[in-house]
Undergrad: 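Take this structure, written in structure tokens, and hold onto it; I'll ask about it next.
Just so it is clear: chains get the letters A, B, ... in the order the sequence lines come, proteins before strands, and each one is counted from 1. Note that these values count all heavy atoms, side chains included, but never hydrogens, waters or copies made by symmetry.
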There are 2 protein chains.
Amino acid sequence: MSSVSIKEVAARAGVSPGTVSNVLNRPEKVAESTRIRVEEAVRDLGFVRHGSASSLRAGHSRTVGLSVIDIGNPFFTDVAAGVEEAASERGYAVILGNSSGDRLKEERNLLVFAEQRVRGVLITPAGADLAKVDQLKDRGINVVLVDHPATRADQCSVAVNDVTGGSLAVSHLLAAGADRITYVTGPLTIRQCADRLIGAERALTAAGHDPREALEELPMSAMNARSGQQAAEKLIAEGRLPDAVFCANDLLALGMLRGLLQAGVRVPQDLSLIGYDDIDFASASAVSLSSIRQPTHRLGRVATELLLDECDNPDSHAHQQIMFQPELIVRESTR
Amino acid sequence: MSSVSIKEVAARAGVSPGTVSNVLNRPEKVAESTRIRVEEAVRDLGFVRHGSASSLRAGHSRTVGLSVIDIGNPFFTDVAAGVEEAASERGYAVILGNSSGDRLKEERNLLVFAEQRVRGVLITPAGADLAKVDQLKDRGINVVLVDHPATRADQCSVAVNDVTGGSLAVSHLLAAGADRITYVTGPLTIRQCADRLIGAERALTAAGHDPREALEELPMSAMNARSGQQAAEKLIAEGRLPDAVFCANDLLALGMLRGLLQAGVRVPQDLSLIGYDDIDFASASAVSLSSIRQPTHRLGRVATELLLDECDNPDSHAHQQIMFQPELIVRESTR
DNA sequence: CTCCGTGATCAAAACGTTTTAGGCCTGAAT
DNA sequence: ATTCAGGCCTAAAACGTTTTGATCACGGAG
């Protein structure tokens, strides 16, 4: 209740409200003696700036919106942690929206962001359709795409090369002696899944294999551990185990691993297994999981820095489409 | 840039700004014909309410602050997902703060929340000292404690009974035939760790054992998989393996499991193992992990509902200290 | 025919800050 | 002496809503 306003601070320090505002926002503009007096008043009264009033008048807030597809997935959690860290360092607050892969929910998130007049939006789009995102852009709200390459030149994006990642994984499996590989994936409408497939095919071709023969796709509807185990059961039931399995993410791979071990299939002796994302649990599973590591935390951090640079230096800002490279992590499951 | 204000909407609909505001906030107060006219204008102009202006005048915003200890821990992620879900259903935005267990960072989060004039705060306190929280309360910002019992009667809290959880785990281990049990935990200054220990001791006493003999504590500095593995290595190196191990969370347990299996210790034949939290990965590990399940998602959801009820119905609201009960989940690691 | 109640709308004030244009000094340059 | 510049500060307007009290038109009751 006891909301102390800038006026009361001004009164106690014997200056005008404008001067208090100056102390708060450009302290160098005000004489040292009065600055100290004002700062004391602020402390004594326990004044905290009213963000709404501030952003109403100033025309922009100190918040950014973050919309992710699934906050329960460690990949996105790490991204979110990076965002929160970078934003908080600069005094920005993060408004979190979880779309659960639902376009409608994503749209609602963007509306909330618009109402809050966020300074900018970070988004991992839930689909390939970026119309809503363009709309934000036209409204003057800066947007940085996360884990999705930008479609327009006047926009920043931060992503990891999934084609390279797919190649790394499959090249490694080939080097380990595999001939027949199964790619366990989510829906191929998901860009990441599709790109990793392309990379896989390229690696096969480069090694002199025919992808149509050497690679089998096994798409599951979800990308969690349960689906991975179901995929394992299916492979085993049909009696056509490949030499190696490449899973589109680590959750699938962990489920696959469990399904295989339960059926008595030894990893890696009978079958090599590699995942994607290198989540923490990949190294903690009984047979530690080879995987493709992505700089997740960094993804969130760099995206945030790009966004805030765009907001603070609209003139000097150069739009960038950053593409990180993934990294192969070899562990027991492919040895 | 194209910021459409309520005035322009009013002009186009041929009414006063006040009427537009009424259409937005209490549509029942305005005649149907004009309401429709205004709604059309809103749609045509693409008007979105300016949240800052709104909350400046109305005195409260439509945001809640959420400060968690470690957004990377699946436990907190689930809680956050529950919060986001419940808040978003009611049109509230969630401002996320990650304290990383750091008191200073937590304090900074609370300051940001105060600046944003959030409607209320949900917090899993990073320590036992709730002074800063009380301070918020005195400022008129409602607070609900998450996973921490309230210390004052005029405050809501939502937690899970950790004493019961500790008892459940240890009773189960005893029933499985264990005599000597090791409790692998984080720092015992963490309330959750300490409470689970109390529960463990109670279960032992109730079964006629002397806790000082039957139970050994092994506190680690961190509560992640790495620490769990280190704990396993320590037990093995010292050559004093117990009959059963109770880990204070699943991350520790997964690391422990890996360390044991690598050393050739069979689970559960040689040693029973139980974790805490029942994170998704507990069931996906090679030897699926028995655990104590907590209603995490629900924790976040109920906390949010409590908070928003307190905000919207300050008079009729009854403060509640809700204590959920945990649940024993038996899997392979204790069979 | 007047009075009053009711429902719908409006005009204007208020919320707490930032920003703009200017005012008042002091001291230096003319 | 006068002017000028620069440093410091102030008064007041503005941001886009919500809310309050007032106004107005319309019927129905007296």
Side-chain angles (χ1 to χ4, degrees), chain A residues 1-39 41-42 45-63 91 114-119 139-140 312, chain B residues 1-39 41-42 45-63 91 114-119 139-140 312:
Chain A
M1 292 287 90
S2 72
S3 208
V4 183
S5 87
I6 221 176
K7 272 187 200 165
E8 308 173 50
V9 174
R12 171 178 261 251
V15 297
S16 81
T19 300
V20 177
S21 175
N22 278 334
V23 171
L24 260 34
N25 300 309
R26 16 249 249 243
E28 75 281 2
K29 291 277 175 197
V30 27
E32 184 173 4
S33 65
T34 57
R35 201 193 64 217
I36 292 176
R37 206 147 27 91
V38 170
E39 283 167 349
V42 164
L45 267 44
F47 168 82
V48 306
R49 174 211 261 106
H50 195 307
S52 297
S54 169
S55 51
L56 170 58
R57 175 60 232 231
H60 53 79
S61 72
R62 288 187 78 78
T63 57
E115 284 201 353
Q116 298 296 326
R117 293 298 196 274
V118 296
R119 196 72 197 274
R139 230 195 203 110
D312 293 337
Chain B
M1 294 286 89
S2 72
S3 209
V4 183
S5 88
I6 221 175
K7 272 187 200 166
E8 307 172 51
V9 174
R12 171 178 259 252
V15 297
S16 81
T19 300
V20 176
S21 175
N22 277 335
V23 170
L24 261 33
N25 300 310
R26 13 247 246 252
E28 75 282 0
K29 290 278 174 197
V30 27
E32 184 172 3
S33 65
T34 56
R35 202 194 62 216
I36 292 176
R37 208 146 28 91
V38 170
E39 283 168 349
V42 165
L45 267 44
F47 167 82
V48 305
R49 171 212 262 106
H50 194 307
S52 297
S54 169
S55 50
L56 170 57
R57 175 59 233 229
H60 52 79
S61 72
R62 288 189 76 78
T63 57
E115 284 201 354
Q116 298 297 327
R117 296 295 196 273
V118 296
R119 196 72 197 275
R139 236 198 197 105
D312 293 338

Undergrad: How large an angle, rounded to 10°, do the end axes of the helix from C/dC1-D/dG30 to C/dT30-D/dA1 enclose when each is built from five base pairs?
TA: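 The end-segment axes of the helix from C/dC1-D/dG30 to C/dT30-D/dA1 are tilted 70° relative to each other.
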Undergrad: Can you figure out which of C/dT19, C/dT17, D/dT18 approaches the side chain of A/Arg26 most closely?
TA: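 It is C/dT19.
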Undergrad: Could you give the distance from CG (A/Asp312) to NE2 (A/His60), rounded to the nearest 0.5 Å?
TA: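 The distance works out to 8.0 Å.
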Undergrad: State which residues pass side-chain hydrogen bond (donor to acceptor under 3.5 Å, both in side chains) with B/Arg37; sequence neighbours excluded, sorted by chain then number.
TA: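 Expected list: none.
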Undergrad: Of all residues at least two apart in sequence or in a different chain, which pass the side-chain hydrogen bond (donor to acceptor under 3.5 Å, both in side chains) check with B/Arg62?
TA: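 For B/Arg62 there are no side-chain hydrogen bond (donor to acceptor under 3.5 Å, both in side chains) partners, ignoring immediate neighbours.
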Undergrad: Atom CG of A/Leu24 and atom P of C/dG16: how far apart are they, to the nearest Å?
TA: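 Taking CG of A/Leu24 and P of C/dG16, I get 15 Å after rounding.
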Undergrad: Please list each protein N or O that sits under 3.5 Å from an N or O in nucleotides 4-7 of chain C, with the distance.
TA:
none

Undergrad: Base, sugar-phosphate alone, or nothing: which one does B/Ser54 contact when heavy atoms must sit under 4.0 Å apart?
TA: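 Sugar-phosphate, backbone atoms only, no base.
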Undergrad: For residues 10-20 of chain B, run the donor-acceptor check on the side chains, cut-off 3.5 Å, and write out each pair with its distance to 0.1 Å, sequence neighbours left out.
TA:
unit_1	atom_1	unit_2	atom_2	d
B/Arg12	NH1	B/Asp44	OD2	2.9
B/Ser16	OG	B/Gly18	N	3.4
B/Ser16	OG	B/Thr19	N	3.4
B/Ser16	OG	B/Thr19	OG1	3.4

Undergrad: Counting just side-chain N and O atoms, does A/Arg49 come under 4.0 Å of either OP1 or OP2 of C/dT18?
TA: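 Checking A/Arg49 against C/dT18: at least one side-chain N or O falls below 4.0 Å of OP1 or OP2.
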Undergrad: With respect to the phosphate group of D/dT18, does any side-chain polar atom (N or O) of B/Ser21 fall under 4.0 Å of OP1 or OP2?
TA: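 For B/Ser21, the contact criterion (side-chain N or O under 4.0 Å from OP1 or OP2 of D/dT18) is met.
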Undergrad: B/Asn25 CG to D/dT19 P: how many Å, rounded?
TA: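 After rounding, the reported distance stands at 7 Å.
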Undergrad: A/Glu8: which residues meet the salt bridge (charged side-chain N to carboxylate O under 4.0 Å, His left out) condition with it, sequence neighbours left out?
TA: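 Result, salt bridge (charged side-chain N to carboxylate O under 4.0 Å, His left out) vs A/Glu8: none returned.
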Undergrad: Rounding to a whole Å, what distance do you find between B/Leu45:CG and D/dG16:C1'?
TA: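 Result: 15 Å.
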Undergrad: Rounded to whole Å, please give me the gap between CD in A/Glu8 and C1' in C/dT17.
TA: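 Between C1' of C/dT17 and CD of A/Glu8: 13 Å.
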Undergrad: With sequence neighbours excluded, what pairs up with A/Thr34 under the side-chain hydrogen bond (donor to acceptor under 3.5 Å, both in side chains) test?
TA: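 A/Thr34 satisfies side-chain hydrogen bond (donor to acceptor under 3.5 Å, both in side chains) with no other residue.
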Undergrad: Provide, to the nearest angstrom, the distance between the CZ atom belonging to A/Arg117 and the C1' atom belonging to D/dG16.
TA: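 That distance rounds to 9 Å.
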Undergrad: Can you tell me how far the CG atom of B/Leu56 sits from the NE2 atom of B/His50, to the nearest 0.5 Å?
TA: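 B/Leu56 atom CG to B/His50 atom NE2 measures 10.0 Å (nearest 0.5 Å).
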Undergrad: Considering residues at least two apart in sequence or located in another chain, which fulfil the side-chain hydrogen bond (donor to acceptor under 3.5 Å, both in side chains) criterion with B/Ser54?
TA: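 Per chain and number, B/Ser54 pairs via side-chain hydrogen bond (donor to acceptor under 3.5 Å, both in side chains) with no residue.
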Undergrad: Could you work out, with salt bridge (charged side-chain N to carboxylate O under 4.0 Å, His left out) as the rule, every residue matching A/Arg117, not counting sequence neighbours?
TA: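 Testing A/Arg117 for salt bridge (charged side-chain N to carboxylate O under 4.0 Å, His left out), a comparison that skips the adjacent residues, returns none.
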Undergrad: Only pairs under 3.5 Å count here: list side-chain donor-acceptor contacts from residues 24-32 of chain B, not counting sequence neighbours, and write none if there are none.
TA:
unit_1	atom_1	unit_2	atom_2	d
B/Asn25	OD1	B/Arg49	NH2	2.8
B/Asn25	ND2	B/Ser21	O	3.1
B/Asn25	ND2	B/Ser21	OG	3.4

Undergrad: Tell me, please, which residues at least two apart from A/Ser55 pass side chain to side chain contact (heavy atoms under 4.5 Å, CB included).
TA: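 Here the qualifying residues are A/Ser61, B/Ser52.
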Undergrad: Using a 4.0 Å heavy-atom cut-off, write out nucleotides 8-15 of chain D from 5' to 3' as B (base contacted by protein), S (sugar-phosphate only) or - (no contact).
TA: SSB--BBB
